[in-house]
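Report on the following structure.
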Protein chains: 2
Amino acid sequence: MRIEDEIHQKNFKDDHRRLLANLLFTNNWLNQQLMPFFKDLGLTLQQHNVLAILRGQQPDPVCFGDIQNRMVDRNSNVTRLIDKLIEKGYVTRDICQTNRRMIEVRLTEPGLRKLQQVDENFPKLFAKLHNLTQEEAILVSNLLDKLRG
Amino acid sequence: MRIEDEIHQKNFKDDHRRLLANLLFTNNWLNQQLMPFFKDLGLTLQQHNVLAILRGQQPDPVCFGDIQNRMVDRNSNVTRLIDKLIEKGYVTRDICQTNRRMIEVRLTEPGLRKLQQVDENFPKLFAKLHNLTQEEAILVSNLLDKLRG
DNA sequence: GTACATTATTTGTATATACAAGTATATGGG
DNA sequence: CCCATATACTTGTATATACAAATAATGTAC
């Protein structure tokens, strides 16, 4: 469905404004797909992002700063995100002995299993996101890179 | 900058996952550009969206449901958004006399002037968003429409 | 015209976010 | 070694969001 029809706007002043509205609208649409998916699995999108980052560095621990820099959403408060994940038993935190300002975060066995459970359900989610061909997905991704400069 | 470098991820499992990460990351980047712009003008992105919708329907009033349906961000709580805009003196609300469940929202003179002030500042904002050519902007927009199905 | 469903908006509440200020540790110059 | 500055994380707070339940007016079947 065209963005004009989605938000009932006859036309846009120019194509860049149309793109801006479309990006914001599409992000909202995306979140409507993603949030219930992760909620059913007992995670938020950001919590899953942190777990995936930790798995990517296994068996090394990852400190808060590195987590922040690798997150898709840069505005997450890592301290409070990790608090939630500790509550759920998916990660551990320890003060780094070589630099006591830093916190070492590690994935636990249950955290790893939760990630695997998410993986098993991914096909269900991605079925909704395959309206573009592989070539189109590559094209959009490259143009988004270009948009950000 | 490529999304791989932005979030320090060597590679993605497939191009659709790369696109997903890129869309979410780009939206965050966009918000980092938009939020301070609107904040300087004393508005939020959603408040501005509502004002623009009201201007589009002038001189007719718009009810909450229609505002909701035309908003880029569908999850906004229109009641509380309008409360804020009334506080600022940019809109009025009246009970619709033909259907007393509905609320008629109208732009005020100060609301219109605020919109004009935003318009005057738009070129400053859009300068950051012109890394794509017009053709590329059209292309991405059309592919986003296709992505949503 | 009364009961029941539907529509339109409001409110409550738990959680999340943005942003600024605070604390603790480390580093480097004199 | 001492002090200023930088780094890494934490906390406070005001505002925003998601989501469910509540209210209130209207429409509809009988």
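Proteins get letters first, then strands, A, B, ... in listed order; numbering begins at 1 in each.
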**OP:** Would you mind reading off the distance between B:E104 atom CD and C:dA8 atom P, rounded to a whole angstrom?
**Re:** 14 Å
Original post:
Which heavy atom in A:G42 sits nearest to a heavy atom in A:K88, and how many Å separate them?
Top reply: O-NZ, 2.9 Å
**OP:** Could you identify which residues of residues 83-95 of chain A place a heavy atom less than 4.0 Å from some atom of DNA chain D, listed by residue number, or say none?
**Re:** A:R93
**OP:** With sequence neighbours excluded, give me every side chain to side chain donor-acceptor pair (under 3.5 Å) pair touching residues 31-42 of chain A.
**Re:** A:Q32-B:N75
**OP:** Would you jot down, in residue-number order, the residues of residues 43-70 of chain A having a non-hydrogen atom under 4.0 Å from DNA chain D?
**Re:** A:C63, A:F64, A:G65
Original post:
In chain order, what residues pass the side chain to side chain donor-acceptor pair (under 3.5 Å) check against A:D94, with sequence neighbours excluded?
Top reply: none
**OP:** Sequence neighbours left out, what passes side chain to side chain contact (heavy atoms under 4.5 Å, CB included) with A:D5? Give chain and number order.
**Re:** A:M1, A:R2
Subject >> Residue pairs fulfilling ring-ring contact (aromatic ring centres under 6.0 Å, His included) with at least one residue in residues 129-149 of chain A, sequence neighbours excluded >> reply: A:H130-B:H16
Subject >> For chain B, the stretch of DNA chain D it reaches, first to last nucleotide, under 4.0 Å of its heavy atoms >> reply: D:dA16 to D:dT26
**OP:** Please name the pair of heavy atoms, one in B:D73 and one in B:N49, separated by the smallest distance, quoted to 0.1 Å.
**Re:** N-OD1, 4.3 Å
Original post:
So, for B:L132 and A:L147, which heavy atoms are closest and what is the spacing to 0.1 Å?
Top reply: CD2-N, 3.7 Å
Identify all side-chain donor-acceptor contacts of residues 50-72 of chain B below 3.5 Å with residues at least two apart in sequence or on another chain.
{"unit_1": "B:R55", "atom_1": "NH1", "unit_2": "B:D119", "atom_2": "OD2", "d": "3.0"}
{"unit_1": "B:R55", "atom_1": "NH2", "unit_2": "B:D119", "atom_2": "OD2", "d": "3.4"}
{"unit_1": "B:N69", "atom_1": "ND2", "unit_2": "B:G65", "atom_2": "O", "d": "3.2"}

**OP:** Would you please name every residue forming a salt bridge (Lys or Arg N to Asp or Glu O under 4.0 Å) with B:R100, sequence neighbours left out?
**Re:** none
**OP:** Kindly write out the residues that satisfy side chain to side chain contact (heavy atoms under 4.5 Å, CB included) with B:E109, not counting sequence neighbours, or none if the list is empty.
**Re:** B:L112, B:R113
Original post:
Whole Å only: how far is the CD1 atom of B:I103 from the P atom of C:dT7?
Top reply: 18 Å
Subject >> Pairs flagged by side chain to side chain donor-acceptor pair (under 3.5 Å) wherever residues 76-87 of chain B is involved - sequence neighbours left out >> reply: none
Subject >> Basic-acidic side-chain contact under 4.0 Å: B:D14, B:R17 >> reply: yes
Atom pairs, protein N/O to nucleotides 19-26 of chain C N/O, distance under 3.5 Å:
{"unit_1": "C:dT25", "atom_1": "OP1", "unit_2": "A:R100", "atom_2": "NH2", "d": "3.4"}
{"unit_1": "C:dT25", "atom_1": "O2", "unit_2": "A:R101", "atom_2": "NH1", "d": "3.3"}
{"unit_1": "C:dA26", "atom_1": "OP1", "unit_2": "A:R100", "atom_2": "N", "d": "3.0"}
{"unit_1": "C:dA26", "atom_1": "O4'", "unit_2": "A:R101", "atom_2": "NE", "d": "3.4"}

Original post:
Using 4.0 Å as the upper bound for N to carboxylate O, is an ion pair formed by B:E136 and A:K146?
Top reply: yes
